[in-house]
Amino acid sequence: MQPASIQIVCQKVYARFPNLRGVRPKVERQPAPVNADQAILRYLLVFKTQSVAVDGKTMLFAVRVVADDKGRILKLTTTR
């Protein structure tokens, strides 16, 4: 994935989740689904950070983004 495409995805994620600003994602190439267009390259970007909960415990917060090679977000999921 090109650095410009990664930057486009990062800006979209940072706008939606300001607590992730400055977190660099781990980028992996994903195989295309069996019935999908094989010409579209898909990438998984994982943003992870820790935050402090109300009770004082730390918890992991992760955002997983599936994006194409042009920086368009195809799927976005979060864990808390």
Side-chain angles (χ1 to χ4, degrees):
M1 187 172 210
Q2 297 293 326
S5 298
I6 294 173
Q7 189 64 27
I8 290 169
V9 173
C10 287
Q11 292 302 321
K12 292 176 185 177
V13 170
Y14 297 156
R16 186 163 174 188
F17 303 99
N19 60 330
L20 289 176
R21 189 169 300 280
V23 175
R24 298 300 305 167
K26 180 180 173 186
V27 181
E28 296 177 4
R29 183 152 182 240
Q30 270 196 331
V34 175
N35 57 356
D37 182 10
Q38 299 297 322
I40 297 174
L41 298 176
R42 296 164 48 120
Y43 295 89
L44 173 66
L45 292 83
V46 180
F47 298 82
K48 289 183 181 179
T49 190
Q50 289 187 358
S51 59
V52 178
V54 177
D55 59 0
K57 296 180 182 177
T58 59
M59 57 187 258
L60 178 69
F61 178 71
V63 175
R64 294 172 45 97
V65 179
V66 176
D68 66 3
D69 56 340
K70 293 181 177 75
R72 289 182 294 191
I73 294 177
L74 305 173
K75 183 176 181 180
L76 186 142
T77 58
T78 62
T79 62
R80 294 184 195 220

Novice: Looking at every non-hydrogen atom in both residues, tell me the closest pair between C10 and R24 and how far apart they are.
Specialist: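 So the two residues come closest at SG-NH1, 4.1 Å.
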Novice: Please determine whether residues V65 and I6 belong to a single hydrophobic cluster, defined as Ile, Leu, Val, Met, Phe, Trp and Tyr linked transitively by side-chain heavy-atom distances below 4.5 Å.
Specialist: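 Yes, V65 connects to I6 through the hydrophobic network.
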Novice: Between T49 (side chain only) and F61 (backbone N and O only), is there a donor and an acceptor less than 3.5 Å apart?
Specialist: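 Flag not set: sc T49 to bb F61 has no pair under 3.5 Å.
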Novice: For V23, is there any backbone N or O sitting under 3.5 Å from a side-chain donor or acceptor partner on Y14?
Specialist: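 Judged by distance alone, yes, a pair lies under 3.5 Å.
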Novice: Indicate, with yes or no, if I8 and L41 share a hydrophobic cluster defined by side-chain heavy-atom contacts under 4.5 Å among Ile, Leu, Val, Met, Phe, Trp and Tyr.
Specialist: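 No; tracing contacts between hydrophobic side chains, which count when under 4.5 Å, never links both residues.
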Novice: Distance check, rounded to the nearest 0.5 Å: K70 atom NZ versus S5 atom OG?
Specialist: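 Rounded to the nearest 0.5 Å, the NZ-OG separation comes out at 8.5 Å.
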Novice: Do M1 and L45 have side chains that get closer than 4.5 Å, going by heavy atoms?
Specialist: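 A side-chain contact under 4.5 Å exists here.
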Novice: Nearest 0.5 Å, please: how far is CG in L60 from NZ in K48?
Specialist: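 Reported to 0.5 Å precision, the distance equals 6.0 Å.
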Novice: Can you tell me how far the CE atom of M59 sits from the CD atom of Q50, to the nearest 0.5 Å?
Specialist: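 So the gap between those two atoms works out to 10.5 Å.
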Novice: Hey, does L44 have a side-chain heavy atom less than 4.5 Å from the side chain of R64?
Specialist: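 They are in side-chain contact.
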Novice: Counting C-beta onward and ignoring hydrogens, is there a side-chain heavy-atom pair between V63 and R16 closer than 4.5 Å?
Specialist: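 SC-SC contact between V63 and R16 ruled out.
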Novice: Would you say T78 and F17 make side-chain contact, with heavy atoms under 4.5 Å?
Specialist: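 Contact flag for T78/F17 side chains = yes.
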Novice: Please say yes or no: joined through hydrophobic side-chain contacts below 4.5 Å, possibly via intermediate residues, are V46 and L74 part of one cluster?
Specialist: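 Result: yes, single cluster for both.
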